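First the structure, in the form of structure tokens, and then the observations on it.
Only a predicted model underlies this, so the values are computations on that prediction, with no experimental measurement involved. Both counts, for ligands and for their atoms, begin at 1 and track the order of listing.
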Amino acid sequence: MNNKYTALSHSEQNSLLRFDKENVWHPYTSMSDPLPSYLVDSAQGVTINLASGEQLIDGMSSWWSVLHGYNHPKLNAALQEQAAKMSHVMFGGLTHQSAITLCEKLIRLTPRGLEKVFLSDSGSVSVEVAMKMALQYQHAVAAKNKTSLTKTKLLTVKNGYHGDTFAAMSVCDPVTGMHQIFEQVLMQHYFAPAPSIKLGEQWVEDEVSELETLFKQHHSDIAAFIIEPIVQGTGGMRFYHPEYLKTCRKLCDQFDVLLIVDEIATGFGRTGKLFACEWADISPDIMCLGKTLTGGYITLAATLCTTHIAQTISEGEAGCFMHGPTFMGNALACAVANASIDLLFENDWQTQVVGIEQTLNTLLLPLAKHERVKDTRVLGSIGAVECLQSVNVAQIQKRFVELGVWIRPFGTLIYIIPPLVINTAELSKLIDAIATVLNEDDCFN
Ligand SMILES: Cc1ncc(COP(=O)(O)O)c(C=O)c1O
């Protein structure tokens with residue numbers, strides 16, 4: 001039997017899902033005992049249409065990336081116009097208007113001083129690029145000063161997440177970040193305790209004492225400090241005090257260490273500021289952007305740096321920055337990124353985020369009273385319910401689908417980060433679904 005969302009019969013759906021289960025890797029999922037995957041037919045606005053007929057309100061923005069909803073006419077038009085001209089040309093020796101316009105926008109919108117843009121394929125790659133930039137910069141500085149190169153390590157904080165490629169993994173949390181498995185091959189870096197004072201709490205100087213000690217003891221080995229600004233996302237949706245980020249900037253200046261800020265999850269309005277750095281009024285030396293850059297349409301990332309870094313690298317031994325992905329500056333991705341950034345302002349993103357935040361404050365924060373809940377927190381368009389027990393992913397996911405929502409919790413955390421175009425009724429439905437599953441024992445381990 002067919003439904004209005006798909007031309008696929010039941011048996012076609014089943015055979016697709018069977019093949020998927022047997023042959024297709026999904027993120028962080030066993031191939032021998034995989035979690036179920038739901039077959040999507042289409043998506044429109046904030047609704048994901050399953051081939052099986054259910055319509056789900058999207059609470060995840062496809063892992064933080066969708067801003068203006070799915071299947072948006074203006075974003076579709078930008079893609080079509082670009083595709084009619086060309087979808088991609090190599091970026092070595094060639095350039096094009098969509099990439100140039102995007103880089104102009106990024107330089108204009110990001111914190112002061114970031115004036116050179118390196119486009120790449122994904123968030124993880126932009127972190128690789130940022131780390132390589134910092135290391136190549138220090139190499140060039142040492143050569144210029146005729147000193148031996150010692151600044152070859154990174155400093156970061158525990159609980160961080162910067163991606164799944166090897167350099168990015170080496171600065172992810174040492175316990176939850178897969179370090180045990182890859183210990184022998186991962187670069188070794190320095191880790192400070194995770195920031196513990198929350199945004200909105202009283203600041204206490206002691207918070208940064210271990211961080212200061214690490215800077216003092218090891219600065220001659222450290223090329224750069226990398227951190228997710230204000231929100232440690234995958235590390236548990238922890239919102240930390242802006243004073244911490246301010247101190248990072250001060251210590252980096254004091255000890256001649258570059259500051260890399262990973263805005264891949266926080267960029268483009270998510271936290272209530274266009275970039276989370278603005279909470280602390282700081283500018284990094286290097287910034288990574290991804291996820292929302294194309295409004296969730298196509299993978300694209302950017303690493304921005306200062307003119308000083310770009311010049312130093314370019315005047316170094318290699319004479320250029322040693323990186324160049326095949327799909328660098330992909331025209332389709334740049335065109336849709338331009339359209340997405342324009343929409344952000346046309347739609348008045350600040351009003352959208354404030355509206356979401358108010359509803360989250362009113363309806364999601366009170367879930368803290370539930371006996372299964374340890375804490376609830378809200379920042380901008382991010383709402384998190386931290387539970388006392390870990391969730392049973394397969395069961396809770398099934399229940400969310402039955403309740404008409406798409407929410408994918410991990411560990412003890414049920415969080416939502418909806419597209420900015422969600423309305424109050426849709427957002428309430430997401431929160432109601434969370435309230436419902438909190439009462440269901442089989443959704444928890
Ligand atoms: C802060 C942060 N950095 C980097 C990444 C990696 O980005 P990608 O998955 O596009 O490689 C993520 C992804 O969740 C992220 O949240």
Requested in this report: Run the contact test for E263 against ligand 1 with a 4.0 Å cut-off on heavy atoms, strictly below, and give the result.
Outcome: no
Query raised in the report: Is S340 reaching over with its side chain to a backbone N or O of A337, donor-acceptor style, under 3.5 angstrom?
Result: no
Can you sort out which atoms of ligand 1 are near [X], meaning under 4.0 Å from one of its heavy atoms?
X: G163; answer: 4 (C), 6 (C)
X: A265; answer: 16 (O)
X: D262; answer: 1 (C), 2 (C), 3 (N), 4 (C)

Give the residue, atom name and distance (to 0.1 Å) of the protein heavy atom nearest [atom].
atom: atom 14 (O) of ligand 1; value: K291 NZ, 2.9 Å
atom: atom 9 (O) of ligand 1; value: S124 OG, 4.4 Å
atom: atom 12 (C) of ligand 1; value: Y161 CE2, 3.5 Å
atom: atom 10 (O) of ligand 1; value: G123 N, 3.0 Å

Report task. Give a yes or no on this: more than 12 heavy atoms of other residues, nucleotides or ligands lie within 6.0 Å of atom NZ of K153. Result -> yes
Report task. Give a yes or no on whether E346 atom CD has more than 12 heavy-atom contacts from other residues, nucleotides or ligands under 6.0 Å away. Result -> yes
Report task. For ligand 1, note which part of H162 has a heavy atom under 4.0 Å away: side chain, backbone, both or neither. Result -> backbone
Query raised in the report: Can you tell which part of W64 has a heavy atom less than 4.0 Å from ligand 1: side chain, backbone, both or neither?
Result: neither
Query - D58/R408 salt bridge by N-O under 4.0 Å criterion - result: no
Query raised in the report: Going by atom types only, do S196 and E207 share a side-chain donor-acceptor pair under 3.5 Å?
Result: yes
Query - Validation row, ring centre F215 to ring centre F225 under 6.0 Å - result: yes
Requested in this report: Could you check whether the rings of H219 and F255 sit parallel, tilted or perpendicular, using 30° and 60° as the cut-offs?
Outcome: tilted
